[in-house]
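Residue numbers start from 1 in every chain, and the chains themselves are labelled A, B, ... in the order their sequence lines are given, proteins ahead of strands.
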Amino acid sequence: MPIRLYNSLTRSLEELQPLVPGKVTMYHCGPTVYSSPHIGNFRSFLFADVLRRFVEDQGYQVTQVMNVTDVGHLTLDDIEGGEDKLEAASRKTGRTAWDIARQYEAEFHECQQKLMVRLPHHMPRATDFIPQMGRIIDDLLQQGVAYQVNGNVYFAVARFPGYGKLSGKVLDELEAGARVAVNDEKQDPRDFALWKTDDKHQMQWDAPFRGGARGFPGWHIECSAMSMHYLGPQIDIHTGGEDNMFPHHECEIAQTEAHTHRRFVSIWMHARHLLVDGTKMSKSLGNFYTVADILQQGYTGLELRYTLIRVQYRQSLNFTQKGLDEARAAIARVQQCRQRLVRHRDGLERVGGDDLAGPAAQANAQFTAVMSDDLNVSEALAAVFDFVGVCNKAQPSAAGASAALAAFLRFEDVLGCFGPEPKPDATNEAPADLQLKLLARNGARRSKDWATADRLRDEIAAAGWKIVDAPTGARLEKA
RNA sequence: GGUCCCGUAGCCGAGUGGUUAGGCAACGGAUUGCAAAUCCGUUUACCCCAGUUCGAUUCUGGGCGGGACCUCCA
């Protein structure tokens, strides 16, 4: 089944048609490592992860690149008064910009792991690609598409006719917005920096292009350089948050296509920002959450992942604590179902005659259809839960349970938000004292000493476990 | 000022020109010693106004409300 994705560039759904049949190249604008990753960042990164997982699920060989921006971005779109965020963090903490970048990069990787992100094949650092950026800058200067003033190099937007095609921004509107900083060096207010000089900057390199001055790269060139290095001049999919559309991706297109004279990206995809408690997440409103914040509240990475992917990426997602609680319950429903199936498959539960292969195939087909429709995760989850209902009603045969479990493995492979296949019985993994209490409760129940039985059940519950009474006997499960 | 998106039951969120989305929550029943889990059943929908239509929540126009981008931001 063809995969249809929404292309921000054409503002329409398009069929994924890889440049090389059977192979898909993806580039994702990654983290800027000057602060802890927040849940909004990870909505975008999890969207990229689900995209990659589903495209792989559909049989494509995917190569995925995500950059690590360890050169900070200036806080103002101007030379004067602008301070790089990495440099600012450095000044506050007294540590070098390099140390800070490495620290937050490590934290980012931890978050990826906790949120079950399948690691991109390449996660290059911008600072390792200064020479590659230099080669592009050099070429753009040679072509006359870029110019140098006082050591600063700017891309001449007027020389690239396609500028504005992604974001729809045109010069008049930018001027009307009155937000374009005054910069006498620029020939055109839209021109953007490829290379900058600033003596006070910690991160500096000798100019990697001919005739340049010591300085640091502009804010867009890294992605062009790294994308081209790993994936070639043309790629299939490029993703980012909606805020990246302008100016970042617009500039990437300009500098890359001016350099290669070929179409850079086939499909541009942008994830909508999430809201928190119905409004934009911001530090000043006190509704700003890092991934670590949520985990510290006691939610698992899986629960956070579920919460962040359950709404289709192009819809705004309202992040709330209630949403996390719902995710916890929803995941439990799936896992309960899977565990029962495991018990049937393994002969621990009396098996019936229901062959679930048919419903499993149906659920798989439905899942594929809705995921192929621009990654409609909401509908994909509905397909999963419909199937849960079917399984719970059934008295499956061992083979039927096995077929159903295979479907769940596939859903998990694509969404990654349910967790691994449950063990049929966790009693043996419970602490020994709880196992003894379970045995004691069994005895109390046989002698109809309900008070003792209930007290033991409460004690077990207080320890974070719960008793499941089944026809085949009572067992313990992690609550 | 420019560009764009959204408004669905208690909450979150799909979708459709006429037929039950799904999850969470609530209520009744089955089951259970009582629970938990599971199953069965039930309740509350499509912001407002006008138009197109046999028929609109779904299409068109207007209004109201919310949000995003235009500036570092996923």
_Asn41(A) CG to C72(B) C1', straight-line distance once rounded to whole Å_ = 13 Å
*Applying salt bridge (Lys or Arg N to Asp or Glu O under 4.0 Å), name anything that partners Asp413(A), two or more places apart in sequence or on another chain.*
Arg118(A)
*Can you name the side-chain hydrogen bond (donor to acceptor under 3.5 Å, both in side chains) partners of Ser378(A), sequence neighbours left out?*
none
_Contact state string [nucleotides 28-36 of chain B, B base, S sugar-phosphate only, - no protein heavy atom under 4.0 Å]_ = -----BBBB
*asked:* In whole Å, I'd like the distance from the CD atom of Glu349(A) to the P atom of U38(B).
replied: 14 Å
*If you look at every strand shown and take non-hydrogen atoms under 4.0 Å, does His38(A) touch a base, only sugar-phosphate, or nothing?*
base
*Would you say Gln113(A) has more than 12 foreign heavy atoms packed within less than 6.0 Å of its CD?*
no
_Please give the distance between the P atoms of C54(B) and U8(B) as a whole number of Å._
30 Å
*Ignoring the backbone of His273(A), work out which of A68(B), C72(B), G23(B) is nearest its side chain.*
A68(B)
*Answer with base, sugar-phosphate or nothing: what part of the nucleic acid does Ile39(A) contact at a heavy-atom distance below 4.0 Å?*
nothing
_Assuming nearest nucleotide by heavy-atom distance, tell me which of Leu274(A) and Phe385(A) is located more 5' along RNA chain B._
Phe385(A)
*Ignoring hydrogens and angles, answer whether the base of C12(B) and the side-chain atoms of Lys322(A) contain a donor-acceptor pair closer than 3.5 Å.*
no
*Expressed as a whole number of Å, how far does the P atom of C24(B) sit from that of C39(B)?*
10 Å
*Pairwise P distance for A9(B) and G13(B), with rounding to whole Å*: 11 Å
*Identified stems (criterion: three or more consecutive Watson-Crick or G-U pairs, under 3.5 Å), RNA chain B*: B:1-7 with B:64-70, B:10-12 with B:22-24, B:26-30 with B:38-42, B:47-51 with B:59-63
*Touch class at under 4.0 angstrom, heavy-atom based, for Asp386(A) against every strand present*: sugar-phosphate
*Distance only, no hydrogens: is a donor on one side chain within 3.5 Å (strictly under) of an acceptor on the other, for Arg333(A) and Gln336(A)?*
no
What pairs of donor and acceptor atoms, side-chain ones from residues 471-478 of chain A against any protein atom, are under 3.5 angstrom apart with sequence neighbours left out?
from	atom 1	to	atom 2	distance (Å)
Arg475(A)	NE	Glu477(A)	OE2	2.9
Arg475(A)	NH2	Gln339(A)	OE1	3.3
Glu477(A)	OE1	Gln339(A)	NE2	3.0
Glu477(A)	OE2	Gln339(A)	NE2	2.6

_Using a strict heavy-atom distance below 4.0 Å, which residues from residues 370-383 of chain A are in contact with RNA chain B?_
Asn376(A), Ser378(A), Glu379(A), Ala382(A)
*Calculate the interatomic distance between Gln112(A) atom CD and A74(B) atom P; express it in whole Å.*
14 Å
_Quick test of your reading: applying ring-ring contact (aromatic ring centres under 6.0 Å, His included), list the pairs with at least one residue in residues 446-470 of chain A, sequence neighbours left out, ordered by first then second residue._
none
_Can you measure Asn318(A) atom CG to A68(B) atom P for me and round it to whole angstrom units?_
12 Å
_Over 12 foreign heavy atoms within 6.0 Å of CD, Glu242(A)_ = yes
*Starting at CE of Met123(A), measure out to CG of Leu119(A) and round the result to the nearest 0.5 Å.*
7.5 Å
*Considering only atom P, compute the distance from C27(B) to A37(B) and round it to an integer number of Å.*
13 Å
*Between C49(B) and C64(B), how far is it from one C1' atom to the other, in whole Å?*
10 Å
_Run the salt bridge (Lys or Arg N to Asp or Glu O under 4.0 Å) test against Glu349(A) and tell me which residues pass, sequence neighbours left out._
Arg343(A)
*asked:* Once you apply a heavy-atom cut-off of 4.0 Å, does Glu477(A) come out as touching a base, just sugar-phosphate, or nothing?
replied: nothing
*Donor-acceptor contact present, side-chain Gln335(A) to main-chain Phe418(A), <3.5 Å*: yes
*Would you give a per-nucleotide map of nucleotides 40-46 of chain B, 5' to 3', where B means the base has a protein non-hydrogen atom under 4.0 Å away, S means only the sugar-phosphate does, and - means neither?*
S------
*asked:* Of the listed nucleotides (A37(B), C6(B), A74(B)), which one gets closest to any side-chain atom of Phe45(A)?
replied: A74(B)
*Can you sort out the partners of Asp70(A) under salt bridge (Lys or Arg N to Asp or Glu O under 4.0 Å), two or more places apart, ordered by chain and number?*
Arg102(A)
*asked:* Pairing donors with acceptors under 3.5 angstrom, does anything connect the side chains of Gln255(A) and His220(A)?
replied: no
*In whole Å, what separates the C1' atom of A21(B) from that of U57(B)?*
14 Å
*asked:* Give me the distance, rounded to whole Å, that separates A74(B) from A68(B) when you measure between the P atoms they each carry.
replied: 16 Å
*Measure the distance from CZ on Arg338(A) to P on U38(B) and round it to the nearest whole Å.*
15 Å
*Residue pair Leu86(A) / Ile100(A), side-chain heavy-atom distance below 4.5 Å*: yes
*Please state how far atom CG in Leu317(A) lies from atom P in A68(B), giving the value in whole angstrom units.*
14 Å
*For Leu275(A) and C69(B), give me the distance from atom CG to atom P, rounded to whole Å.*
10 Å
*Quick one: list whatever passes salt bridge (Lys or Arg N to Asp or Glu O under 4.0 Å) with Glu303(A), sequence neighbours left out.*
Arg328(A)
*Phosphate oxygens OP1/OP2 of C39(B): is one of them under 4.0 Å from a side-chain N or O of Asn392(A)?*
yes
*Only one of Cys223(A), Cys29(A), Ser8(A) forms a side chain to side chain contact (heavy atoms under 4.5 Å, CB included) with His249(A), so which one is it?*
Cys29(A)
*Using modelled atom types only, decide if a donor and an acceptor are shared between the side chain of Asn287(A) and the backbone of Lys280(A) within a distance under 3.5 Å.*
yes
*Going by atom types only, do Glu222(A) and Thr69(A) share a side-chain donor-acceptor pair under 3.5 Å?*
yes
_Minimum-distance nucleotide to Thr32(A) side chain [options: C72(B), A74(B), G13(B)]_ = A74(B)
_Contact nearer the 5' end of RNA chain B, comparing Gln312(A) with Gln336(A)_ = Gln312(A)
*asked:* Tell me whether Lys165(A) at atom NZ has more than 12 heavy atoms from other residues, nucleotides or ligands lying less than 6.0 Å away.
replied: yes
_Nearest whole Å is fine: how far is C70(B) P from Phe192(A) CZ?_
16 Å
*Under 6.0 Å from the six-membered ring centre of Tyr6(A) and within 45° of its axis: does the NZ or CZ of Arg314(A) meet both?*
yes
*Contacts to RNA chain B from residues 323-335 of chain A, heavy-atom cutoff under 4.0 Å, which residues?*
Glu326(A), Ala329(A), Ala330(A), Arg333(A)
*Rounded to whole angstrom, note down the C1' distance from C46(B) over to G15(B).*
11 Å
